[in-house]
Number of protein chains: 2
Amino acid sequence: MNGSPSYTIGTPSCAAPVGSGVIPESRRELSLLPVGEPGPQLRADAARNRARLLEAASCMVAEQGAANLTMDAVAAAANVGKGTLFRRFGDRTGLLLALLDHRERQLQAAFLTGPPPLGPEAPAGERLRAFGPAVIRHEHTHDDLYLAARADVTRNYTLAPHRLRLTHVTLLLREAGAGGDTELKAQVLLSYLDPMLVNHLLTRRGMSLERLEAGWYDLVEGLAPGARTA
Amino acid sequence: MNGSPSYTIGTPSCAAPVGSGVIPESRRELSLLPVGEPGPQLRADAARNRARLLEAASCMVAEQGAANLTMDAVAAAANVGKGTLFRRFGDRTGLLLALLDHRERQLQAAFLTGPPPLGPEAPAGERLRAFGPAVIRHEHTHDDLYLAARADVTRNYTLAPHRLRLTHVTLLLREAGAGGDTELKAQVLLSYLDPMLVNHLLTRRGMSLERLEAGWYDLVEGLAPGARTA
DNA sequence: CACCTAAGCGGACCGTGGTCCAGTTCCCCC
DNA sequence: GGGGGAACTGGACCACGGTCCGCTTAGGTG
């Protein structure tokens with residue numbers, strides 16, 4: 001409560017929960033790769049600063065919630081100039097997305113290469129059914145970050161993770177024998193998994209996870225009848 | 001290009017396309033009424049200023065797009081203090097929503113009391129089918145405003161228009177004989193009509209209105225089989 | 001090892017959304 | 001008609017996101 005204007009988080013104690021894999025800046029989101037692959041590797045100092053920024057940001061999110069994260073504070077806590085922060089991540093949303101990235105990768109690994117019923121060894125219908133609950137629970141555990149990143153609404157549908165989910169679901173639908181406009185059906189299914197919607201239904205409306213999951217199974221059955229047995 | 005800092009829109013020529021019906025400020029969005037009813041009427045000068053602000057804002061949106069609307073400019077153009085503007089509408093999103101309000105009312109009138117197949121004289125299945133295209137086209141014609149207002153993601157689901165649509169669709173679903181979790185099904189249907197999604201599919205993905213409408217019919221058929229004939 | 005250049009860096013600066021509070025205006029009640 | 005108090009007004013003020021541009025440094029080249 002003294003006169004000093006900005007709060008300092010001097011070398012916070014929490015460990016950096018973010019891999020040091022090099023993720024590129026702003027516009028690389030358009031990549032088609034699973035999430036956003038390294039690209040041209042950064043100069044040594046740039047990489048170091050990037051890691052520091054991510055660590056600081058991650059720590060501050062854990063402490064005060066994603067909504068209260070300010071760019072100034074992150075830059076200050078990482079002992080790095082604001083310009084550097086913006087150069088690396090483009091904007092606030094970019095930073096949040098970078099924080100989300102490694103968690104996103106875990107989910108992607110689960111449904112691309114993991115064990116059944118999510119992974120490729122299960123029949124398409126089963127995988128489709130399992131996909132919804134997996135995403136719902138994933139988003140539920142990271143919801144403040146998803147919500148904060150979602151603030152930039154215009155970016156949602158062009159993001160790599162979304163596009164990956166879209167093709168994944170579209171393929172599963174076809175494989176499961178769903179007819180009609182499978183791409184649009186996939187969009188519907190993904191809309192049901194929108195972090196905002198999930199959060200609203202769980203938190204604001206007080207619905208249970210089980211109810212949401214049952215809703216997903218209903219939806220799958222409606223859009224791809226008999227998929228379970230395909 | 002001279003030194004004067006802020007652009008002045010001195011008494012713009014376009015007519016005010018917004019009814020002078022008194023709409024309350026920020027928090028009244030929680031109302032359950034069709035949109036957001038008058039409530040306690042404003043003091044004479046407040047009402048006058050409100051109208052001036054709406055007229056100025058509406059005009060500026062028409063001229064330079066909703067995305068470029070700044071609160072300072074609106075207040076200046078209406079010859080009103082910034083504090084007044086914020087007191088009346090709460091925040092930028094509130095102002096945008098107020099602009100959207102009367103257009104929203106038109107749509108609501110169409111599906112609550114209008115002629116078939118949207119209005120109450122048609123069978124539920126028909127109304128449900130007709131609802132989607134009506135909303136899609138409505139949103140498409142006002143999309144920049146919807147997109148700008150949508151920037152505040154956290155508010156979407158608690159807004160009166162959304163809640164009205166939700167109960168409307170839920171009732172139609174039940175009436176049409178859809179079983180299961182009708183409320184959740186209604187949420188799915190409404191998700192499909194999200195302005196962001198509609199805009200993305202139409203603009204970015206280049207889908208046609210017809211395709212989106214066909215997708216809606218598919219969806220209705222999947223969630224309420226045989227509704228058409230109910 | 002010295003140089004050169006492109007990449008990286010940082011913090012002053014700006015515009016905008018949003019807050020605050022002292023002064024003013026309206027309207028109800030006497 | 002006049003007095004009292006609540007509601008409204010307005011613009012100075014603040015915080016935050018984002019930009020800009022001159023300086024620094026990494027790291028390749030002869």
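Excluded from the calculations below are hydrogen atoms, water molecules and symmetry mates; all remaining heavy atoms, backbone and side chain alike, are included. Protein chains get the first letters and strands the later ones, always in sequence-line order, with residue 1 at the start of each.
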A.B. asks: Among Arg103(A), Arg150(A), Arg165(A), which residue meets the salt bridge (Lys or Arg N to Asp or Glu O under 4.0 Å) test with Glu139(A)?
C.D. replies: Arg165(A)
A.B. asks: Tell me: CG of Asp45(A) to C1' of dG10(C), nearest whole Å?
C.D. replies: 13 Å
A.B. asks: Salt-bridge test for Asp152(B) and Arg155(B): reply yes if a basic N is under 4.0 Å from a carboxylate O, no otherwise.
C.D. replies: yes
A.B. asks: Kindly compute the distance separating CZ (Arg205(B)) from NE2 (His200(B)), expressed to the nearest 0.5 Å.
C.D. replies: 5.5 Å
A.B. asks: Would you tabulate the nitrogen or oxygen pairs shorter than 3.5 Å linking the protein to nucleotides 1-4 of chain C?
C.D. replies:
none

A.B. asks: Measure the OG1-CD distance between Thr167(A) and Glu183(A) for me, rounded to the nearest 0.5 Å.
C.D. replies: 10.0 Å
A.B. asks: Charged N to carboxylate O below 4.0 Å: is that the case for Asp181(B) and Lys185(B)?
C.D. replies: no
A.B. asks: What is the distance from CG of Asn49(A) to C1' of dT25(D), rounded to the nearest Å?
C.D. replies: 12 Å
A.B. asks: Using 30° and 60° as the class limits, which term best fits the ring planes of Trp216(B) and Tyr192(B): parallel, tilted or perpendicular?
C.D. replies: tilted
A.B. asks: Check the interface with nucleotides 18-20 of chain D: list each N/O to N/O pair with the protein under 3.5 Å, or write none.
C.D. replies:
residue: dG18(D); atom: OP2; partner: Arg92(A); partner atom: N; Å: 2.9
residue: dG18(D); atom: N7; partner: Lys82(A); partner atom: NZ; Å: 3.1
residue: dG18(D); atom: O6; partner: Lys82(A); partner atom: NZ; Å: 2.4

A.B. asks: Do Glu55(A) and Arg50(A) meet the salt-bridge criterion of a basic N to acidic O distance under 4.0 Å?
C.D. replies: no
A.B. asks: Quick one about His140(B) and Tyr146(B) (side-chain donor to acceptor, distance below 3.5 Å, no hydrogens or angles considered), yes or no?
C.D. replies: no
A.B. asks: Looking across every strand, which nucleic acid part, if any, lies under 4.0 Å from Leu85(B) by heavy atom: base, sugar-phosphate, or nothing?
C.D. replies: nothing
